[in-house]
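The analysis underlying the following values was restricted to heavy atoms, covering all of them including side chains, and did not include hydrogens, waters or symmetry mates. Throughout, residue positions are numbered sequentially from 1 according to the sequence presented. Numbering of ligands and ligand atoms starts at 1, following listing order.
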Amino acid sequence: MSGGKPVLIDERGLRVDGRKPDELRPIKIEVGVLANANGSAYIEQGKNKLLVAVYGPRELHPKHLALPDRALLRCRYHMAPFSVEERKSPAPSRREIELSKVIREALEPAILLDRFPRTAIDVFVEVLEADGGTRCAAVTAASVALADAGIPMRDLVVACAAGKVDGQLVVDLCDAEDKYGEVDMPVAYMPSKGVVTLLQMDGILTREEFEKAFKMAILACEKIYEFQKEALRRKFGAVQEEVSGDK
Ligand code: ADP
């Protein structure tokens with residue numbers, strides 16, 4: 001530690017939590033964890049813990065918001081007061097309003113909204129524990145919850161950040177790396193379409209670094225995509241077996 005900033009890359013080239021630069025935090029995804037939502041998912045990514053609930057397509061209130069040619073996608077990102085070390089006010093902060101918009105925009109291109117004119121699809125993200133990269137974990141879990149709700153999509157959306165800490169390019173930044181590192185660059189991606197639906201960057205990279213970091217983020221997304229599909233298979237594969245077992 002020097003001047004309050006922790007050492008982010010040690011002499012062995014490892015990160016604050018012992019990871020290699022291109023190593024993801026451990027991920028766990030569960031589908032259909034809430035009985036009263038149309039679709040839901042729970043994700044743990046390192047110390048992040050998030051729940052996502054999806055409702056819809058359903059009748060829209062207030063009605064004047066209805067779109068004649070497609071469904072209206074609404075997202076609410078919320079951090080529980082106990083999700084961070086200092087109690088967070090339960091009132092929506094500017095950051096939560098911004099992240100709600102960012103998450104909606106990352107998901108929107110994947111959903112076949114034109115199949116459900118005049119309806120609403122609502123996505124509620126509850127951050128139970130936060131440790132950096134919650135917008136990415138939210139996008140990853142939300143697309144699984146949308147699939148669980150049976151909402152037709154072009155592909156799942158996966159998100160993961162790349163960035164730079166102590167001069168080293170890394171993926172899937174934790175809170176300390178986000179706070180004390182030089183760059184955080186969240187990317188959302190539809191792997192089977194090869195389409196990027198979100199790219200933000202906090203900090204400065206050279207063009208060469210950007211290209212390398214971007215590739216690292218895409219590779220990380222492709223790994224997380226396997227966890228999403230596996231989670232859906234665990235739920236719907238089991239249903240499929242039950243159905244064929246009944247015959
Ligand atoms: P993201 O979670 O998508 O990386 P930010 O970069 O805005 O979004 O936040 C980084 C991290 O900062 C969060 O994941 C969380 O760990 C921490 N954080 C965010 N808001 C607060 C808050 N109000 N109090 C304490 N920590 C917070």
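Summarising the geometry, atom CG belonging to Leu99 is positioned 11.0 Å from atom SG belonging to Cys75; distances are rounded to the nearest 0.5 Å. Going from atom CD1 of Ile218 over to atom CE of Met216 covers 12.5 Å, rounded to the nearest 0.5 Å. From Leu128, atom CG reaches atom CG of Leu51 across 5.0 Å, with rounding to the nearest 0.5 Å. Note that CZ of Phe124 and CZ of Arg74 are 7.5 Å apart. Values are rounded to the nearest 0.5 Å. Note: Ile27 CD1 to Glu226 CD = 11.5 Å, rounded to the nearest 0.5 Å.
Of the candidates Gly133, Ala159, Gly163, Ala176, the one placing a heavy atom closest to atom 4 (O) of ligand 1 is Gly133. With atom 24 (N) of ligand 1 as the reference point, the heavy atom nearest to it among Asp184, Val84, Leu50 is part of Val84.
Within the 4.0 Å heavy-atom criterion, both parts of Thr134, backbone and side chain, lie near ligand 1. Residue contacts with ligand 1, taken as heavy atom pairs separated by less than 4.0 Å, do not involve Leu173 at all.
Here the protein heavy atom with the shortest distance to atom 12 (O) of ligand 1 is Asp175 OD1, 3.2 Å. In terms of protein heavy-atom proximity, atom 7 (O) of ligand 1 is nearest to Arg95 NE, 2.6 Å. Of the protein's non-hydrogen atoms, the one nearest atom 23 (N) of ligand 1 is Lys88 CG, 3.9 Å. Of the protein's heavy atoms, Ala130 CB, 3.7 Å lies nearest to atom 15 (C) of ligand 1. In terms of protein heavy atoms, atom 14 (O) of ligand 1 is closest to Gly132 N, 2.7 Å.
Within the 3.5 Å criterion, the main-chain N or O of Pro21 finds a donor-acceptor partner in the side chain of Arg15.
At most 12 heavy atoms of other shown residues, nucleotides or ligands fall within 6.0 angstrom of atom NZ in Lys212.
Put simply, the residue from Arg76, Lys88, Lys101 that forms a salt bridge (Lys or Arg N to Asp or Glu O under 4.0 Å) with Glu96 is Lys88.
Checked by distance only, ligand 1 and Asp178 come closer than 3.5 Å through their nitrogen or oxygen atoms.
Counting atoms of ligand 1 from 1 in the listed order, those under 4.0 Å from a heavy atom of Met79 are 19 (C), 20 (N).
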